[in-house]
Asker: 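Next up is a structure, given as structure tokens.
Every heavy atom of this structure was used, including side-chain atoms; hydrogens, water molecules and symmetry mates were not.
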Amino acid sequence: MKKLLLILLVLLSFNAFSQNWQPVNSAYSYFYKTASSDLIDKTIQVDSMTYDGGHPVYHLNTGLSYCDTCDPMQFDCFDGWLIYNIAAGFLQRRVHELNNETYWFEGPGSFVLLPGALPGESWIYDTLNNIQAEVIAANPEEIFPGVTDSVKKIQLSDGNEILLTKNFGIQQFPKNPPASGDYLLCGMQTQDDRFGE
């Protein structure tokens, strides 16, 4: 009886944490780095949420970017560089949750993820660049030391790959330019828990 109760409590707490294949959860902060870096390169989190046509739109944090050709009348200058803080992260500026199965990332680029897609299913990932996406595998993998989760491998027609986890969002995302490696999830923080770095 004690074993059954323990298993039930573990399953209930895991389901309460579950984000069910959501690429981005508004309650989480995600920390990414490249394989060649020892330091966290990017932090992704939802700054605010609005509604557009009845569906939620998550506004992602923006970052600072250096610009040596910008108009100094519009931007602040620091140490000889013009700095503006409107640079979108690698997941764009906004995420439209069109339904539980379709997430549209936009601003300045645009791409679509279908987290509910099963192995063998494909869709148009990026209409502007005519890039297709296909789920080629779904297997359990270790996400953080000692933490295993289901992972979907999404192959893009341009040769890149995205890894999406059931409970931790995007685990791997292509970096632009591709030769510089991919963004890899190295840590995550919720209000109650911390994982990885």
Asker: Measure from the side-chain N and O atoms of D158 to the backbone N and O of N160, and report whether any donor-acceptor pair falls under 3.5 Å.
Answerer: yes

Asker: What distance separates M49 CE from Y58 OH, expressed to the nearest 0.5 Å?
Answerer: 5.5 Å

Asker: Would you please test L113 and F105 for side chain to side chain contact (heavy atoms under 4.5 Å, CB included) and show each step?
Answerer: CA-CA 8 Å; L113 284 180; F105 295 73; 3.8 Å; yes

Asker: Any chance you could measure T62, atom OG1, to D47, atom CG, to the nearest 0.5 Å?
Answerer: 6.5 Å

Asker: How far apart are the closest heavy atoms of I162 and F173, and which atoms are they?
Answerer: CD1-CE1, 3.8 Å

Asker: May I ask you to decide if Q171's main-chain N or O and Y32's side chain share a donor-acceptor pair within less than 3.5 Å?
Answerer: no

Asker: At their closest point, which heavy atom of T34 faces which heavy atom of K175, and how far apart are they?
Answerer: CG2-NZ, 3.5 Å

Asker: Answer yes or no: is there a side-chain heavy-atom contact under 4.5 Å between H55 and E97?
Answerer: no

Asker: So, does S157 use its side chain to make a donor-acceptor pair with the main chain of Q132 at under 3.5 Å?
Answerer: yes

Asker: Parallel, tilted or perpendicular: which fits the ring planes of F195 and F144, with parallel below 30° and perpendicular above 60°?
Answerer: parallel

Asker: To the nearest 0.5 Å, what is the distance between NE2 (H59) and OG (S26)?
Answerer: 12.0 Å

Asker: State, to 0.1 Å, how close S37 and D41 come at their nearest heavy-atom pair, and which atoms those are.
Answerer: OG-OD1, 3.4 Å

Asker: Check A133 against L156 and note the closest heavy-atom contact, atom names and distance.
Answerer: CB-CD2, 3.7 Å

Asker: After noting the C-alpha distance and the side-chain angles of I136 and I154, does the key distance pass the side chain to side chain contact (heavy atoms under 4.5 Å, CB included) rule?
Answerer: CA-CA 6 Å; I136 60 171; I154 301 168; over 6 Å; no

Asker: With respect to E106, which candidate in H96, R93, Q92 satisfies the side-chain hydrogen bond (donor to acceptor under 3.5 Å, both in side chains) definition?
Answerer: H96

Asker: Just do the side chain to side chain contact (heavy atoms under 4.5 Å, CB included) check on Y51 and V57 with the steps written out, would you?
Answerer: CA-CA 6 Å; Y51 285 88; V57 179; over 6 Å; no

Asker: Is a donor on one side and an acceptor on the other found under 3.5 Å between the side chain of D126 and the backbone of I131?
Answerer: no

Asker: Would you indicate whether D38, at its atom CG, is surrounded by more than 12 heavy atoms from other residues, nucleotides or ligands within a distance under 6.0 Å?
Answerer: no

Asker: Could you walk me through whether K42 and F90 pass the side chain to side chain contact (heavy atoms under 4.5 Å, CB included) check?
Answerer: CA-CA 9 Å; K42 300 288 182 191; F90 64 91; 3.8 Å; yes

Asker: Going from CD1 on I143 to NZ on K166, what distance comes out if it is rounded to the nearest 0.5 angstrom?
Answerer: 12.5 Å

Asker: Counting distance only, does the side-chain N/O of E142 pair as donor-acceptor with the main-chain N or O of G146 below 3.5 Å?
Answerer: yes

Asker: I'd like to know if the side chain of Y30 and the backbone of N25 have a donor-acceptor N/O pair within less than 3.5 Å.
Answerer: yes

Asker: Does the separation of the ring centres of Y125 and F111 fall below 6.0 angstrom?
Answerer: yes

Asker: To the nearest 0.5 Å, what is the distance between CE (M188) and CD1 (I44)?
Answerer: 14.0 Å

Asker: Quick check against the 3.5 Å criterion: does K152 have a side-chain atom that pairs as donor or acceptor with the backbone of A117?
Answerer: yes

Asker: Is the side chain of D182 donor-acceptor paired with the backbone N or O of Q172 at a distance under 3.5 Å, no angle test?
Answerer: no

Asker: Side chain of N61, backbone of Q45: donor and acceptor closer than 3.5 Å?
Answerer: yes

Asker: Would you compute the distance between atom CG of L114 and atom CG of L118 and round it to the nearest 0.5 angstrom?
Answerer: 11.0 Å

